[in-house]
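Only one structure is covered here, and it is reproduced in the block below.
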Amino acid sequence: MIQIINNVLSAEQISRLKQTIAQGEFYCGKQTAGWHAQGVKHNLQWQAAAEVNEQLQLNLLQQLTQHPQFSALTYAKKMMPFIVSQSADNGGYGNHIDDALMHGEQMVRTDISCTIFLSEPEDYEGGELVMSLGGVELPYKLNAGDAIIYPSTTLHRVNPVSQGQRLVALTWIESFVSGCEQREMLYDLDCARKAIMQQHGKNQEFDLITKTHANLLRRWSTT
């Protein structure tokens, strides 16, 4: 399930975030790639003093996790610290699969990948995030402040940036519900019950869907 989450960050929040990013520096991104991906990774990744990084992490985490769509889509259990990635001068990231296990402050099984776009699409040429699904390629180039989440099992790439600069923030999520199909069914049920509530109020159909949603979540979740 690939889903776009609009307006995770406002223009003002992005501006403040870029002021924070300006307090650090960018370094070669190959050092954080798995051995199988180092040959196709051509980006720069941000580093800063501990207190500056902490400020950035807190701001991004709060804005993403407080978005109502995020919780309904992910059932997040653990998250990796955000990585800020910059691509320019034909930099990008060839076809790859994200590592299944990542080490942050704790081990995280990567069920879901998340990219928050920090540059407007007209600010750079190329740089599309391309998903490969069943032989079909799906390119994404979102507005600044929008996020996309997708299963970490998805083969994907970032096309080379031929002009301008592409800036994004990345994180990976371990979900209480590890199966993508199960998360999609729970999300559909949640959307359906919210639509019923909005149109008809709390009625019998709302209660039945809510019961099924809760019981499936209870059955599929891990602690």
Side-chain angles (χ1 to χ4, degrees), residues 1-6 8 29-30 32-43 45 60-61 64-65 67 69-87 91-104 107-119 121 124 126-161 166-191 220-222:
M1 179 171 63
I2 300 171
Q3 286 284 339
I4 293 170
I5 306 177
N6 297 119
V8 171
K30 290 183 181 291
T32 60
W35 63 268
H36 52 85
Q38 289 182 356
V40 295
K41 188 174 186 181
H42 307 288
N43 71 332
Q45 287 179 194
L60 284 172
L61 184 65
L64 181 61
T65 58
H67 195 289
Q69 199 176 356
F70 178 80
S71 176
L73 285 166
T74 64
Y75 299 96
K77 181 179 181 180
K78 303 176 188 174
M79 291 178 62
M80 283 291 293
F82 288 88
I83 290 176
V84 176
S85 171
Q86 181 188 95
S87 298
Y93 198 163
N95 282 329
H96 66 284
I97 290 284
D98 294 333
D99 289 341
L101 299 173
M102 293 187 182
H103 298 272
M107 178 76 76
V108 174
R109 182 192 65 231
T110 58
D111 299 319
I112 302 165
S113 302
C114 175
T115 300
I116 304 175
F117 287 74
L118 304 178
S119 300
Y124 57 99
E128 297 85 359
L129 174 61
V130 182
M131 313 285 181
S132 298
L133 294 174
V136 177
E137 294 196 335
L138 305 173
Y140 295 90
K141 191 172 180 179
L142 305 185
N143 293 327
D146 292 347
I148 184 169
I149 67 167
Y150 53 96
S152 299
T153 53
T154 307
L155 184 68
H156 59 285
R157 70 176 185 271
V158 176
N159 284 339
V161 175
R166 177 187 189 265
L167 192 66
V168 298
L170 312 165
T171 188
W172 293 265
I173 301 147
E174 180 176 329
S175 175
F176 279 104
V177 180
S178 61
C180 176
E181 291 181 357
Q182 286 87 352
R183 290 195 304 272
E184 184 172 1
M185 284 186 273
L186 289 169
Y187 181 68
D188 288 345
L189 287 171
D190 189 55
C191 289
W220 289 335
S221 65
T222 58

Problem set entry | The single option from H96, E128, E137 passing side-chain hydrogen bond (donor to acceptor under 3.5 Å, both in side chains) against R157 | E137

For this session: Kindly determine whether F176 and D111 satisfy side-chain contact (heavy atoms from CB on, under 4.5 Å), including the steps that lead there.
Result: CA-CA 10 Å; F176 279 104; D111 299 319; over 6 Å; no

For this session: Give, for atom OG of S113 and atom CD1 of I97, the distance between the pair rounded to the nearest 0.5 Å.
Result: 8.5 Å

Exercise. Would a 4.5 Å heavy-atom cut-off, applied to side chains only, mark K41 and N43 as touching?
Worked result: yes

For this session: Sequence neighbours left out, what passes salt bridge (charged side-chain N to carboxylate O under 4.0 Å, His left out) with D190? Give chain and number order.
Result: R193, K194

Exercise. Which atom pair, heavy atoms only, marks the closest approach of Y124 to V161?
Worked result: CB-CG1, 4.0 Å

Problem set entry | Pair D98-T110, side-chain hydrogen bond (donor to acceptor under 3.5 Å, both in side chains): steps then yes or no | CA-CA 8 Å; D98 294 333; T110 58; over 6 Å; no

For this session: Taking the side chain as every heavy atom from C-beta outward, state whether I83 and W172 have any pair of such atoms under 4.5 Å apart.
Result: yes

Exercise. From S221 OG over to Q182 CD, what is the distance, rounded to the nearest 0.5 angstrom?
Worked result: 11.5 Å

Problem set entry | Nearest-0.5 Å distance, CG of residue L133 to NE2 of residue H156 | 11.5 Å

Seminar exercise, completed: Interatomic distance, CG@L129 vs OG1@T154, rounded to 0.5 Å, equals 9.5 Å

Exercise. Does S152 reach the main-chain N or O of I112 with its side chain, forming a donor-acceptor pair under 3.5 Å?
Worked result: yes

Exercise. Is there a donor-acceptor pair under 3.5 Å between the side chain of K141 and the backbone N or O of G126?
Worked result: yes

Exercise. Which heavy atom in I5 sits nearest to a heavy atom in F70, and how many Å separate them?
Worked result: CD1-CA, 4.1 Å

For this session: Please name the pair of heavy atoms, one in G104 and one in P81, separated by the smallest distance, quoted to 0.1 Å.
Result: CA-CD, 4.2 Å

For this session: Would you check if the side chain of S85 reaches a backbone N or O of V168 as a donor-acceptor pair within less than 3.5 Å?
Result: no

Problem set entry | Check: V177 main-chain N/O paired with R183 side-chain donor or acceptor under 3.5 Å | yes

Problem set entry | Minimum-distance pair of heavy atoms, taken over all atoms of G127 and V158 | O-CG1, 3.9 Å

For this session: Indicate the atoms forming the closest heavy-atom contact of M107 with K78, along with that distance.
Result: O-NZ, 3.2 Å

Problem set entry | Stepwise side-chain contact (heavy atoms from CB on, under 4.5 Å) test for C180 and T153 | CA-CA 10 Å; C180 176; T153 53; over 6 Å; no

Exercise. Is there a donor-acceptor pair closer than 3.5 Å between any side-chain N or O of H67 and the backbone N or O of N6?
Worked result: yes

Exercise. At what distance, to the nearest 0.5 angstrom, does CD1 of I4 lie from OG1 of T115?
Worked result: 11.5 Å

For this session: Determine yes or no for a side-chain-to-main-chain donor-acceptor pair under 3.5 angstrom, with E174 supplying the side chain and R109 the backbone.
Result: yes

Seminar exercise, completed: Distance col, row I149:CD1 vs M1:CE, nearest 0.5 angstrom, shows 5.5 Å

Problem set entry | Criterion side-chain contact (heavy atoms from CB on, under 4.5 Å) on D146 and I148, from CA distance to verdict | CA-CA 7 Å; D146 292 347; I148 184 169; over 6 Å; no

For this session: Run the numbers on V40 and N95 for side-chain contact (heavy atoms from CB on, under 4.5 Å), then give the verdict.
Result: CA-CA 7 Å; V40 295; N95 282 329; over 6 Å; no

For this session: Of all the heavy-atom pairs spanning A76 and I173, show the shortest one and how long it is.
Result: CB-CG2, 3.7 Å

Exercise. Do side-chain atoms of T171 reach the backbone of F82 as a donor and acceptor pair under 3.5 angstrom?
Worked result: no

